[in-house]
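Worksheet: one structure, shown below.
The analysis underlying the following values was restricted to heavy atoms, covering all of them including side chains, and did not include hydrogens, waters or symmetry mates.
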Number of protein chains: 2
Amino acid sequence: MTTQVFIVDDHYMVIEGIRSLLQLEKSIDWVGHATNAASCLAFLRQQLPDVILMDINLPDKSGIDLCKEVKQLHPSVFVVGLSTFNQQSFIAKMMENGASGYVLKNATKEELLEAIEAAAKGKTYLSDEAAQTLRKNTDADVPVLTRREKEVLILIAEGLTNNEIAEKLFISPATIDTHRKNLLTKFDAKNTASLVKMAMQLQLI
Amino acid sequence: MTTQVFIVDDHYMVIEGIRSLLQLEKSIDWVGHATNAASCLAFLRQQLPDVILMDINLPDKSGIDLCKEVKQLHPSVFVVGLSTFNQQSFIAKMMENGASGYVLKNATKEELLEAIEAAAKGKTYLSDEAAQTLRKNTDADVPVLTRREKEVLILIAEGLTNNEIAEKLFISPATIDTHRKNLLTKFDAKNTASLVKMAMQLQLI
DNA sequence: CTTTCTATCCCTTAAAAACAGGATATTTTA
DNA sequence: TAAAATATCCTGTTTTTAAGGGATAGAAAG
């Protein structure tokens, strides 16, 4: 029995690379590719592969969101995340959204095949590096912000003062001050400068 | 006459993709690949290809630095930058360091071939998107900082106050204040928060 | 050798942020 | 429903920045 594989990646060279890697595998049936989320969803309306290899970075939508949608619309399809970055938050989010595995783009042919086979059987596969990353920082270091706090954080980083933010959000400057205090505490930041730096590093801005 | 091509990229799948793209081209002679800067330099001690396709992101060294080294050691070798990101600063730096071209990883086979052929002839090739990016922000928006300003900027982003920075650098707090003023002016930033954000975005921190 | 750039230092005033305490109403969630 | 989280607001004080001005000495570059 062969496994039908579809790939979504905005990089032509990566698609070509994976196609060439899988070409000679008898157990793999290459059913097509897409370079963005929209055409991936369009394809799925016609045909359902067993496994989708899905890049995290797509032009129209993040792979993380696409994964969620695909699993909602077509629960029988297994998704394997594919990415350059070995970033804990991305991996965790993909898995939360129903992915069956995660493979880095510097993975070997063997790792890739293992991931596809595991996914096809409904099992979970994480490449060694990805698994290691997940184990390291389970969560801990990424502060959980409320909606309001995120709003305020973004406006702070844009260079607005408390008064300007207060006007923009139609609330008292004193409230902004409180949100600021809470942000500094949550990030364990000493002042605005380090707060902004940390938030940028964690890609919260 | 065939063009000898070598590739440096830390992603196995990309190497595989490019190999598969170039395999059938009679004018291209694939001489090998490396997944890091060190083994690329080692290879060049044995054999000199005509063109090197070089990723910007390598595990041991940035492609930008590697490009500079390669051109110093082996001026006859032409380098074509290869990257996921369409970032003006990267492209500009690659070209400054002697690259003959720049291709994005979502380029088509035709673009890639064109770039390799142009490079082999000593000409310059930029993929459409890359050229567009370069034209947009020729320079303008990336402020030129002095060594001292960079130092101060980094310490500001780490959350140090003027007094703390002054102690660390053994200079007067007043001087830090001046550097701060100059940084705000150069970045056209309203305050520290936006300064740090901009500097992070331009990857100066 | 003169001009420009860089790095250094100083003063003043006003604005903004950090810090330390609170308080209260509304959601969420366990 | 009771506890927890969220969002709102307040009064202070102290520290830090921002913005304006100006000055000097050395290095680099024309």
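- Of the side-chain N and O atoms in A/His179, one or more sit less than 4.0 angstrom from OP1 or OP2 of D/dT8.
- Taking B/Ser27 as the reference, nothing meets the side chain to side chain donor-acceptor pair (under 3.5 Å) condition, with sequence neighbours excluded.
- Taking atom CG on A/Leu153 and atom P on D/dT6, their separation rounds to 15 Å, with Å as the unit.
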Check the interface with nucleotides 28-30 of chain C: list each N/O to N/O pair with the protein under 3.5 Å, or write none.
none

I'd like a table of atom pairs between the protein and nucleotides 10-14 of chain C - only N or O on both sides, under 3.5 Å - with the distance next to each one.
from: C/dC10; atom 1: OP2; to: B/Ser172; atom 2: OG; distance (Å): 3.0

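- Shown here are the side chain to side chain donor-acceptor pair (under 3.5 Å) partners of A/Lys181, two or more places apart in sequence or in another chain: there are none.
- Applying the ring pair (Phe, Tyr, Trp, His ring centres under 6.0 Å) criterion to A/Phe78, with sequence neighbours excluded, gives no partner residue.
- Of the candidate nucleotides D/dC9, C/dA17, D/dT6, D/dC9 has the atom nearest to the side chain of A/Ile171.
- Applying the 6.0 Å contact sphere to NZ of B/Lys71 captures more than 12 heavy atoms from other residues, nucleotides or ligands.
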Return the polar atom pairs (N/O with N/O) between nucleotides 26-30 of chain D and the protein under 3.5 Å, or none.
none

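- For the salt bridge (Lys or Arg N to Asp or Glu O under 4.0 Å) test, residues two or more places apart in sequence or in another chain that qualify with B/Lys61 are B/Glu69.
- Residue A/Asp60 qualifies as enclosed at atom CG: its count of foreign heavy atoms under 6.0 Å is above 12.
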Pairs under 3.5 angstrom only: tabulate donor-acceptor contacts from the side chains of residues 106-121 of chain B to other protein residues two or more places apart or in another chain.
from: B/Thr108; atom 1: OG1; to: B/Glu111; atom 2: N; distance (Å): 3.3
from: B/Glu111; atom 1: OE1; to: B/Thr108; atom 2: N; distance (Å): 3.2

Please table the atom pairs, donor to acceptor, closer than 3.5 Å between any side-chain atom in residues 151-169 of chain B and protein atoms at least two apart or in another chain.
from: B/Glu151; atom 1: OE1; to: B/Arg148; atom 2: NH1; distance (Å): 3.0
from: B/Thr161; atom 1: OG1; to: B/Glu164; atom 2: N; distance (Å): 3.4
from: B/Asn162; atom 1: OD1; to: B/Arg180; atom 2: NH1; distance (Å): 2.3
from: B/Glu164; atom 1: OE1; to: A/Lys190; atom 2: NZ; distance (Å): 2.3
from: B/Glu164; atom 1: OE1; to: B/Thr161; atom 2: N; distance (Å): 2.8
from: B/Glu164; atom 1: OE2; to: A/Lys190; atom 2: NZ; distance (Å): 2.5

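- B/Phe43 meets the ring pair (Phe, Tyr, Trp, His ring centres under 6.0 Å) test with B/Phe6; sequence neighbours excluded.
- For the segment residues 157-166 of chain B, the set of residues with a heavy atom within less than 4.0 Å of an atom of DNA chain C is empty.
- Among the nucleotides D/dT17, D/dA7, C/dA18, the one closest to any side-chain atom of A/Arg148 is D/dA7.
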Side chains of residues 172-179 of chain A: which donor-acceptor pairs under 3.5 Å do they make with residues two or more places apart or in other chains?
from: A/Ser172; atom 1: OG; to: A/Ala174; atom 2: N; distance (Å): 3.0
from: A/Thr178; atom 1: OG1; to: A/Ala174; atom 2: O; distance (Å): 3.1

